[in-house]
Structure formats: structure tokens, C-alpha cells
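Below: one structure, written as C-alpha cells.
As the structure is a computational prediction, the values presented were derived from the model and not from experiment. Start at 1 and go down the list; that is how both ligands and their atoms are numbered.
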Amino acid sequence: MPLAAVGQIRSTASIAHNLSQCQKLVQRAKEAGAKALFLPEASDYIAINGNHLCKSVEESDFVLGLQREAKRYSLPINVGVHEPAADQKVKNTSLWIDETGSITQRYQKLHLFDVDIKNGPQLKESNSVERGKEILAPFATPVGSVGLQICFDLRFPEPALALRARGAQILTYPSAFTVPTGNAGHWEILLRARAIETQSYVVAAAQVGVHDEEGKRRSYGHSMIVDPWGKIIAELGGEDDDKGRGLNEGEIALAEIDLENLEKVRREVPLIRRTDVYPEIV
Ligand SMILES: O=C(O)CNC(=O)[C@H](CS)NC(=O)CCC(=O)C(=O)O
């Protein structure tokens, strides 16, 4: 059974620092025998105050550097990065880099995180990020058929169900989840719900810890892999149990992707939708 690795990092505004964190994880994932490595949303950099630093994927030192690592270790990598878009905006993108170092998939985040929570995060991602327009067909990888999603997308069952219907066995949610919503349980509950309702593996690599010097932007961590029965089969720590010491960054966790188990769950509990009763949710 192939092993999947989730990597957890703390991206800053320094692309060189972020690339070097990721490079170490590629090597560790390879040494551990993983057949694919999943890295978080915005691994290239975390912008403070919407201050974006991105270059095109073809010219990004971060992406070129990871492509070299993928090829060197013959290890496919899923990673969240930014790309330039129209009107001074950026795209929030999830890339699949195959074991030859080629970019074979580019998914653009569909749902943007625009929230105004009292005493909580006030973020308006749509100020600086362009919305994606489509989900991509699931594609074959050494760990199974992968459907790409990003972070806040995990609050929406519809694209997850659509990806499952199109053949996905693994859903990926590279993320930079906020601490208040993580502490409220949303991260774990939503990831497990997506796994249970789609009867798929969910692989969620997360940012962790404080991203800027002023401590304004921090991420929850708790990267995890969930199996099609809803069980967490790999998990990393969070900024809550780390007490600012950075113990949980630069870590990987591993889990076996058992597609026979997936087929068993799908066989034992058939989920036949009553689309005749709720046609608006199709
Ligand atoms: O800065 C970047 O470019 C990276 N993007 C993010 O961090 C995005 C938008 S601010 N974060 C989320 O979607 C968090 C969702 C979340 O925390 C929830 O749904 O509760």
C-alpha cells in the first residue's frame, strides 16, 4: 500500500526560507518511503496585509526549486502557491508536480475567505485574490485518484461530492486555517465530514504558527490524513500545543492509502442520493 506524506510548515514573507523548509520535507518524505508529499496552501509565502510577492509559476524560484526536488527524489508534490492574475490580483493555486518535476495540474481556489468575525479574524481574501471558475477532473497518481480543493473550499460539500462522482479517491485541502475557527472544531469536523460523506481519503496539509513579526497572522496547524471511514490516520500538532516554540513546524506525518478499504466502505454503505427530492443540490 502506498504511503502519503503531509508536510506542515510556517511560511513567512521570505520565499527562500519557505523553500528551504519544503526542501527538507521532500527529503524526509522520500526517506520515509512516501509515494507523494502534500504541502500547505500558500507554501511560497504568506503575505501580510495583502502584500503579494508572486511571480509566474515559470519564473517563481519557489516553484522551480520544488520542481527540481520532485525530479531529484522522483517524488510527486502537491503544493499551494500564488500566481499573478488580472487587475493586480493573484490566484490561490494548488499545483501537482509529478515525479519528473513537471507541473501537471493547476487548480484555482473556488471559494474565497471573506469573513468579519467579532474578536476573530477579519479577512477579505477577495480583495487580492481572483476566484477560480472550475473544479478539475480527478487524476491518477501513485497514491490514487486525486481531486484538488483548497482550504476554505472544505466548508462546501458540493465540490467534494462532485469530485467523488467524477472518480476521486483522495481529496486534498492544502490550508492556512485560522486559529479561532480551528479551535472551534471546524477544521477537524469538516475534514472528517468530507471524508465520510465522499467515502474518500482526505489529505490536509496545513500551515502552523506565527507568520509575521508582529504576530498578526497565525495558523492552526493540525495537518491530517483522514480515511474513508472518517478516522484520522495521521496528524501533526498545532500552534495551540506548541506554545510558540515552533516544535510543530517542519514536520511530516505518514499514512497508508488503502484503496481496497475505500472500496469496502463504498460497497458496505452505498450512498444513493435522492436527487429527485432535492434537485437544487445536484
Ligand atoms: O494568504 C494566503 O494567500 C493564503 N490564504 C489563506 O490563508 C486563506 C485566505 S485568507 N485562508 C483561508 O481560507 C482560511 C479558512 C479558514 O480558516 C476557515 O474556513 O475557517
Side-chain angles (χ1 to χ4, degrees), residues 7-15 17-18 21-22 38-55 57 60 62-63 78-85 88-95 106-132 148-160 171-194 202 204-212 214-224 238-240 249:
Q8 182 159 281
I9 59 169
R10 179 180 60 85
S11 290
T12 66
S14 162
I15 290 176
H17 164 263
N18 305 334
Q21 285 195 86
C22 292
F38 296 83
L39 293 169
E41 179 184 29
S43 284
D44 55 346
Y45 63 84
I46 294 268
I48 311 304
N49 305 325
N51 219 340
H52 283 284
L53 314 160
C54 64
K55 293 189 189 160
V57 156
S60 155
F62 181 87
V63 176
N78 176 224
V79 62
V81 299
H82 304 86
E83 297 182 81
Q88 313 283 337
K89 289 190 171 180
V90 301
K91 299 177 185 179
N92 186 333
T93 303
S94 172
L95 296 176
R106 278 186 204 197
Y107 163 72
Q108 192 181 346
K109 188 177 186 184
L110 280 185
H111 306 92
L112 301 182
F113 191 51
D114 287 351
V115 299
D116 184 359
I117 301 171
K118 197 161 177 265
N119 304 320
Q122 281 131 19
L123 279 164
K124 201 158 180 2
E125 188 176 22
S126 65
N127 279 344
S128 60
V129 180
E130 176 191 271
R131 273 195 317 177
L148 300 175
Q149 293 278 274
I150 300 176
C151 194
F152 189 58
D153 287 333
L154 74 87
R155 291 182 180 271
F156 302 88
E158 296 87 350
L171 301 175
T172 68
Y173 292 97
S175 296
F177 218 69
T178 71
V179 174
T181 53
N183 281 337
H186 297 186
W187 172 249
E188 178 182 329
I189 290 168
L190 288 165
L191 291 171
R192 296 179 73 187
R194 296 296 81 83
V202 164
Q207 294 275 351
V208 69
V210 182
H211 301 290
D212 60 320
E214 289 161 51
K216 282 191 184 150
R217 182 85 194 264
R218 50 180 77 218
S219 295
Y220 179 66
H222 293 282
S223 297
M224 61 178 75
E239 74 98 62
D240 49 342
E249 64 190 68

Provide the full list of salt bridge (charged side-chain N to carboxylate O under 4.0 Å, His left out) pairs with a residue in residues 115-127, sequence neighbours left out, each pair given once. K109-E125, D114-K124

Kindly state whether the ring of H186 and the ring of F177 have centres lying under 6.0 angstrom apart. no

Check whether any side-chain heavy atom of D44 lies under 4.5 Å from a side-chain heavy atom of V63, and answer yes or no. no

Among N92, D153, T172, N78, side-chain hydrogen bond (donor to acceptor under 3.5 Å, both in side chains) partner for Y107: D153

In terms of ring plane angle, is the pair Y220 and H222 parallel, tilted or perpendicular, where the classes change at 30° and 60°? tilted

With a 4.5 Å limit on heavy-atom distance, are the side chains of W187 and T181 in contact? no

Please tabulate protein-ligand N/O pairs under 3.5 Å for ligand 1, atom names and distances to 0.1 Å.
residue	atom	partner	partner atom	Å
ligand 1	1 (O)	R217	NH1	3.2
ligand 1	1 (O)	R217	NH2	3.3
ligand 1	3 (O)	H82	NE2	2.5
ligand 1	5 (N)	E41	OE2	3.2
ligand 1	7 (O)	R217	NH2	2.5
ligand 1	13 (O)	K109	NZ	2.9
ligand 1	17 (O)	T178	N	2.9
ligand 1	17 (O)	T181	OG1	3.4
ligand 1	19 (O)	R155	NE	2.7
ligand 1	19 (O)	R155	NH2	3.3
ligand 1	20 (O)	R155	NH2	2.7
ligand 1	20 (O)	T181	OG1	2.7

